[in-house]
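The block underneath contains the structure these notes are about, expressed in structure tokens.
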Amino acid sequence: MTVWADAVELKDIPLQWKPKADIRSFRAVDLTVFQKADFFVKPFTDLRKNKAEIGVNIERRDFPGDMPVTTKDNVAQWVGYHFGKTLSDFDIKVGNEKGTLTLEADILKFYVVEKTSYKAEVSLKVRLLSKNNTVLWEDMISGTATRFGKSYFDINYFESLSDAMLYTVHTLLQNDSFKQAVRKASAGTST
């Protein structure tokens, strides 16, 4: 009997926030530049071609072909919410539209490839906007996560994507040009 005969396809599964990484164990980030800033996170835009697909098993050890993983959830809404929540977890002020600065992003990649391990990547095109919606900074930010686990198991996909999200936010907070733009805007020298 093969695992395929008993496997439940991971189609239209609801997304779950299941990080295994702990942000307290991440490399230290100097957050002083963010102390005067109050961010508003605009709804994200999902630019991926197949908005339902979030992963695939390509190991073919237990299955005759590639096994996709899809969700019926709104990925842009999920990513935007957890992006803002993770900023808050880093003790950065995130509030409503009256914030001093706005963050918006396009989702370019939100995907896990499972072969011998689970490899997740989240890639975003992030923009920092002033109160009058002038783009102060824009760049590609990404985070990855790799983990081992039971084959074609939904929890491992969620853990990988959640950890990749944490690393994506951490990468943003380490970005020197982003910090310079926040510093300049917080000092009131931006438009």
Side-chain angles (χ1 to χ4, degrees), residues 15 17-49 51 54 73-113 119-147 158-191:
L15 291 170
W17 182 248
K18 296 255 183 214
K20 295 297 278 182
D22 183 346
I23 62 171
R24 294 172 297 192
S25 67
F26 286 20
R27 195 170 88 209
V29 176
D30 182 3
L31 300 174
T32 20
V33 70
F34 303 110
Q35 289 176 346
K36 293 181 182 178
D38 183 10
F39 292 96
F40 168 62
V41 178
K42 272 183 138 177
F44 284 13
T45 304
D46 191 351
L47 297 183
R48 298 171 308 130
K49 286 182 182 177
K51 295 183 182 2
I54 59 169
D73 289 350
N74 183 325
V75 169
Q77 187 177 37
W78 191 90
V79 171
Y81 172 80
H82 289 291
F83 184 91
K85 174 81 172 70
T86 302
L87 285 172
S88 294
D89 291 345
F90 275 104
D91 291 328
I92 293 172
K93 288 181 254 171
V94 177
N96 60 28
E97 293 182 47
K98 294 181 179 158
T100 56
L101 296 167
T102 298
L103 288 167
E104 66 179 14
D106 299 324
I107 302 168
L108 306 176
K109 193 163 194 178
F110 182 79
Y111 205 73
V112 179
V113 175
K119 294 185 180 192
E121 182 180 354
V122 174
S123 293
L124 307 173
K125 185 173 188 179
V126 180
R127 285 172 295 285
L128 176 69
L129 308 173
S130 67
K131 277 194 171 198
N132 65 2
N133 287 324
T134 301
V135 176
L136 305 174
W137 176 88
E138 181 177 47
D139 204 353
M140 302 284 291
I141 300 296
S142 63
T144 60
T146 302
R147 63 178 299 98
F158 299 144
E159 290 171 350
S160 302
L161 287 167
S162 298
D163 284 353
M165 279 293 306
L166 293 176
Y167 286 108
T168 301
V169 173
H170 186 255
T171 299
L172 175 67
L173 298 177
Q174 289 182 305
N175 185 293
D176 288 333
S177 64
F178 174 69
K179 291 197 280 192
Q180 288 172 1
V182 170
R183 182 178 292 114
K184 186 176 177 183
S186 298
T189 57
S190 66
T191 56

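Every value quoted in this text rests on a predicted model; they were computed, and no experiment measured them.
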Minimum heavy-atom distance [X]-[Y], with the two atoms named:
X: Leu124; Y: Ala105; answer: CB-CB, 4.3 Å
X: Thr100; Y: Lys131; answer: O-CG, 3.7 Å
X: Leu161; Y: Ala120; answer: N-CB, 3.9 Å
X: Ser177; Y: Asn175; answer: OG-OD1, 2.7 Å
X: Val94; Y: Gly84; answer: CG2-O, 3.8 Å
X: Ile54; Y: Arg48; answer: CG2-NH1, 4.4 Å

Residues at least two apart in sequence or cross-chain that pass side-chain hydrogen bond (donor to acceptor under 3.5 Å, both in side chains) with Tyr167, listed by chain then number, are none

If we only count heavy atoms from C-beta on, is the Leu129 to Phe40 side-chain gap below 4.5 Å?
no

Quick one, His82 and Val122 - any side-chain contact, counting heavy atoms below 4.5 Å?
no

May I ask you to say whether Lys18 pairs ionically with Glu159, meaning some side-chain N is under 4.0 Å from a carboxylate O?
no

Please report the interatomic distance [atom1]([X]) to [atom2]([Y]), rounded to the nearest 0.5 Å.
X: Thr171; Y: Arg27; atom1: OG1; atom2: CZ; value: 9.0 Å
X: Ile92; Y: Asp38; atom1: CD1; atom2: CG; value: 11.5 Å
X: Tyr111; Y: Ser123; atom1: OH; atom2: OG; value: 14.0 Å
X: Leu172; Y: Leu103; atom1: CG; atom2: CG; value: 6.5 Å
X: Lys51; Y: Ile107; atom1: NZ; atom2: CD1; value: 9.0 Å
X: Ile23; Y: His170; atom1: CD1; atom2: NE2; value: 9.0 Å

Before you tell me yes or no, could you show the steps for Leu87 and Phe34 under side-chain contact (heavy atoms from CB on, under 4.5 Å), namely the whole-Å CA-CA distance, both residues' side-chain angles and the distance that decides it to 0.1 Å?
CA-CA 10 Å; Leu87 285 172; Phe34 303 110; over 6 Å; no

Just to verify, which of Leu128, Val182, Thr102 counts as forming a side chain to side chain contact (heavy atoms under 4.5 Å, CB included) with Leu136?
Leu128

Got a list of side-chain donor-acceptor pairs under 3.5 Å for residues 139-146, not counting sequence neighbours?
none

Trace of the side-chain contact (heavy atoms from CB on, under 4.5 Å) decision for Phe44 with Val75
CA-CA 9 Å; Phe44 284 13; Val75 169; over 6 Å; no

Lys36 atom NZ, over 12 foreign heavy atoms within 6.0 Å:
no

Tyr81 OH: over 12 foreign heavy atoms closer than 6.0 Å
no

Under the rule for salt bridge (Lys or Arg N to Asp or Glu O under 4.0 Å), what residues qualify as partners of Asp73, not counting sequence neighbours?
none

Working for side-chain contact (heavy atoms from CB on, under 4.5 Å), residues Trp17 and Met165
CA-CA 10 Å; Trp17 182 248; Met165 279 293 306; 3.8 Å; yes

Go through it in stages, so that I can follow the logic: the residues are Leu47 and Lys125, the test is side-chain contact (heavy atoms from CB on, under 4.5 Å), and I'd like the CA-CA distance, side-chain angles, deciding distance and then a yes or no.
CA-CA 10 Å; Leu47 297 183; Lys125 185 173 188 179; over 6 Å; no

Mind checking whether Phe110 and Trp78 have ring centres under 6.0 Å apart?
yes

